[in-house]
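Each remark here refers to the structure printed beneath this line.
Lettering follows sequence order; numbering is per chain, from 1.
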Protein chains: 2
Amino acid sequence: MKNVLGREIPDNIEGYGEVRPFQGAFSNCGVKEKVGVKVSSVKPGEDKVLNSIEEALDKVEIKDGMTISFHHHLRNGDFILNNVMYAISKRGIKDITVAASSIFPIHEPLVEYMKKGIVTGIAANYMSGPVAEAVSKGYLKKPAVMMTHGGRPRAIESGDLHIDVAFIGAPTADTYGNINGVYGNAACGSLGYAASDAEYADKVIAITDNLVPYPACPIEINQTYIDYVVKVDSIGNPAGIVSGTTKITKDPVGLKIAKMASKVIEASGLVKDGMSFQTGAGGTSLAVAENLKEIMRDKKVTGSFAAGGITGYIVDMFEEGLFRNIFDVQCFDLKAVESYRNNPKHQGMSGSMYGNPHNKGAVVNNLDIMILGATEIDTNFNVNVTTGSDGIIMGGSGGHSDTAAGAKLAIVVTNLIKGRLPIIKDTVTTVTTPGESIDVVVTERGIAVNPMRKDLIEKLKAKNLPVMTIGELKDLAENMTGKPEPIEFTDKVVAVVEYRDGTIIDVVRKPLN
Amino acid sequence: MKNVLGREIPDNIEGYGEVRPFQGAFSNCGVKEKVGVKVSSVKPGEDKVLNSIEEALDKVEIKDGMTISFHHHLRNGDFILNNVMYAISKRGIKDITVAASSIFPIHEPLVEYMKKGIVTGIAANYMSGPVAEAVSKGYLKKPAVMMTHGGRPRAIESGDLHIDVAFIGAPTADTYGNINGVYGNAACGSLGYAASDAEYADKVIAITDNLVPYPACPIEINQTYIDYVVKVDSIGNPAGIVSGTTKITKDPVGLKIAKMASKVIEASGLVKDGMSFQTGAGGTSLAVAENLKEIMRDKKVTGSFAAGGITGYIVDMFEEGLFRNIFDVQCFDLKAVESYRNNPKHQGMSGSMYGNPHNKGAVVNNLDIMILGATEIDTNFNVNVTTGSDGIIMGGSGGHSDTAAGAKLAIVVTNLIKGRLPIIKDTVTTVTTPGESIDVVVTERGIAVNPMRKDLIEKLKAKNLPVMTIGELKDLAENMTGKPEPIEFTDKVVAVVEYRDGTIIDVVRKPLN
């Protein structure tokens, strides 16, 4: 079968099940059901504190076939997933599905567990490094399920993704399971992605290296969701918690693109009091924020909110008064953590509040301007941020398709050519975000506007911005690089790309070579 | 049938259904299910703001037989319930069940709606004034269901109490339904009792007189739970929001009782670092807090938390450093509102987090010392705070049985005689809180300790406190007043008293006269 984007997808995928094909960004809405939850009630006098992960695995009766979950706020400094999986592996347990909101290079030990059948399923919104490569090589028994930051809480809350045991890395926890991310050696700020896991898993275990007397303050996830609290020596390496990608680019091409993107924003008419803004943490995207800062200053504009994964650059704009509030689902650096800890107007949000399309309105619905990256874009504006030019998984949506769907103006900023390969293609290797959600593509050589946005084309042309068709942009690139050979794939589906609403927007197949 | 306390209760009550008899404070625990929830998803661009309650009733398709809910943070200043019910009454709609967390004298218009069959059911944790009297007179078609502050969220979350439409009085709301109680003309502080309504009702309407631009800050109940936001002129009268009962008694008898209670607390050995404390807002209970303050100062003790409905007296202790934190489910006065707004260590909690016995540990579970009132106590230490000496409903548990069940030391403070009637009886008119949850009764003439607490009897005797049996206390009173004539009742059940776990601890029958 082909879905509405023309992607070839099996009706039924072994290890995944029946496929609900993607039919458009808002075709699967209406009244939705959040699933019931089992809760083991706790009586006065019962103690939640355990001394080891081993003890916790006993308490929750870990066994073959379970789905266990993790959140990724500790990013590439995370010790939780590896330590839990090590303890599980020693028990001879098989057939675990790891539902981690994201997977990083530090999680390489998963590769061995995949090979041994200890881990046979993965669900993640983003994965990079050895695990992603191993999935692409077909080492995982079932196809990995690639979700989005809003789609994952949707899946959990709807029951599509049932979690047997959630493990919550807690930079600070009290003895009764109130936790926060703003204090402790591994302080990471907002714990937004862990919220649905805590609310919907059958059993929830907080793991902390900073056990404090009751009650912890502030409380991000409260005691009514936590079954046990495990004290360990260290939950993560602070140096790995701060992502390496959160610096403004110094590359002149990137800076040129950012400048152009900021002119597009200005021309759109959206820069006015009450405006809202989000940007990814890529170097070019952050440079757009720097340019926007100047524009907002000049126009004396006060925005309503900036959202997302938050960097110090956004905090600077907020502290300067350019935004009244921040909505924060994860902090990318220590400046963001500090602001989140100290400024009540820097508000937390859960992954569900951030992007779940099946709640009563996610924060992304109120976004005016969103700056996005891309590894490939096709002439229908479909974007790939899931696989690289070799067809190997190297990322995933994260919040890409959530914010693109919500924002009034979703701008992709990208070099026209990367690593001698053109970014714009007839068809992308993998569709992560549907073209209908993308309004503009800004490159160093020109700007392509989605033809559905005639209004925007007029506005940009009126400002003499270099608007061309996406086909023209593609030709520009191909004239320089030649048309690259298509990647060849086997039939084996190694990953299923779930759109935020749970329909399948694409699959990733194993490359032939 | 008789339940474990020997209360005569029908197996099946018309208009209520099958009765699950009370079998002990913690006999109905274990694994419990929270029910699924229907959510109408909201797409980008959809507007939530409505201009009138009428419009909201249209949107939610209000109709005969529905259950609608209200929270009581605006107390006797609340305009929401009356205005919504007035709009419903004008539509010729019948058979509405009003699930209000508490009902006050201001809600008198309900009496007419009861007589007309517009309102045929009531569920409330507390009711006083004309509505309570009308229920006792049998004007309500179905028996009222009297819950507790923890039992109500349990009922909502389990599906026992299904809410079709929740109306949330919002002192501040933004255009997308983020709400808080700390700003606005009707600022009432914590909105803890509204949380489960917002999370579990089919439709949720925020009604505000302070509509602010998106996003509101802080957010107590967020946009993912709110279907519509209605702007009205006024949601309540600030003068009625502050309860009239929150002043320390000046009565010498009350002060004597309070002094004695504080000696009991001191003798119990619980006054030490990390201690936790809650008191009701009655004049004698507050006087106990004043005495405890002195003791904590003298001993240089820092408590962990004070909880509950919060008064300025508790805020004073907190600001003096006698407690590290406050857990606040409702603010009783403006000083509490101010502290809740400004001090992050003054933390909010939902009704469920406060007292739901079927979550993973409520805050009451961690209470050391709880000061309670009583209208009657029997020789098995069962307490009545539901009906008066005339058998007419004049209150209800509120958090009485929740905190009594959770606290290590639950102390009832009461005059031995009130209105020429003895407070201690062979059997109470209505059991609100089971005797097993009550540790001590302190009166101006002596102290009775629950015989199950042999340890405590020893400790109090060692301090030469006037310990006697509850029978002796009863005799003391009856020697002064004589034994009062028992109230005579008809067979008609006008209210069902649900214990916090959903079992039936008692029923209220219509008095004969």
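Of the atoms belonging to A:Tyr176, it is side-chain heavy atoms, and not backbone ones, that fall under 4.5 Å from chain B. For a residue to count as touching a neighbouring chain, one of its non-hydrogen atoms must lie under 4.5 Å from one of that chain's; by this rule A:Asp227 touches chain B with backbone and side chain alike. Residue contact with chain A, scored on non-hydrogen atoms closer than 4.5 Å, is absent for B:Asp174. Looking at A:Ile226, only its backbone comes within 4.5 Å of chain B, counting heavy atoms on both sides. Residue contact with chain B, scored on non-hydrogen atoms closer than 4.5 Å, involves the backbone and the side chain of A:Val37 alike. Heavy-atom distances place no part of A:Asp273 under 4.5 Å from chain B, backbone and side chain included. Of the two parts of A:Lys48, only the side chain, counted from C-beta on, holds a non-hydrogen atom closer than 4.5 Å to a non-hydrogen atom of chain B. Only the backbone of A:Ala405 comes within contact range of chain B, judged by heavy atoms closer than 4.5 Å. For A:Ala362, the part sitting under 4.5 Å from any heavy atom of chain B is the backbone (N, CA, C, O) and nothing else. For chain A, no part of B:Ala307 is nearby; none of its heavy atoms comes within less than 4.5 Å.
Per-residue counts of heavy-atom pairs under 4.5 Å with chain B were compared for A:Asn366, A:Asn222, A:Val35, A:Ile219; the largest is that of A:Asn366. Most heavy-atom pairs under 4.5 Å with chain B, from the set A:Glu157, A:Lys408, A:Met353: that is A:Met353. Options A:Val31, A:Val364, A:Leu367 differ in how many heavy-atom pairs under 4.5 Å they form with chain B, and the most are formed by A:Val31. Your options are A:Met349, A:Glu46, A:Gln223, and the one with the most heavy-atom pairs under 4.5 Å with chain B is A:Gln223.
Between the side chain of B:Glu33 and the main chain of A:Lys38, no donor-acceptor pair closer than 3.5 Å is present. The backbone N or O of B:Tyr225 sits less than 3.5 Å from a side-chain atom of A:Lys360, completing a donor-acceptor pair. A donor-acceptor contact shorter than 3.5 Å is absent between the side chain of B:Gln347 and the backbone of A:Pro215. Judged by distance alone, the side chain of B:Arg324 and the main-chain N or O of A:Cys217 form no donor-acceptor pair under 3.5 Å. Using modelled atom types, one side-chain atom of A:Asn365 and one backbone atom of B:Val42 make a donor-acceptor pair closer than 3.5 Å.
Across every non-hydrogen atom of A:Pro357 and B:Ser41, the tightest pair is O-CB, 3.5 Å.
Aromatic ring pairs are classed by plane angle as parallel below 30°, tilted from 30° to 60° and perpendicular above 60°; the pair B:Phe305 and A:Tyr214 is perpendicular.
Test B:Asn359, B:Val363, B:Asn356 against A:Thr224 for side chain to side chain contact (heavy atoms under 4.5 Å, CB included) and you get one pass: B:Asn359.
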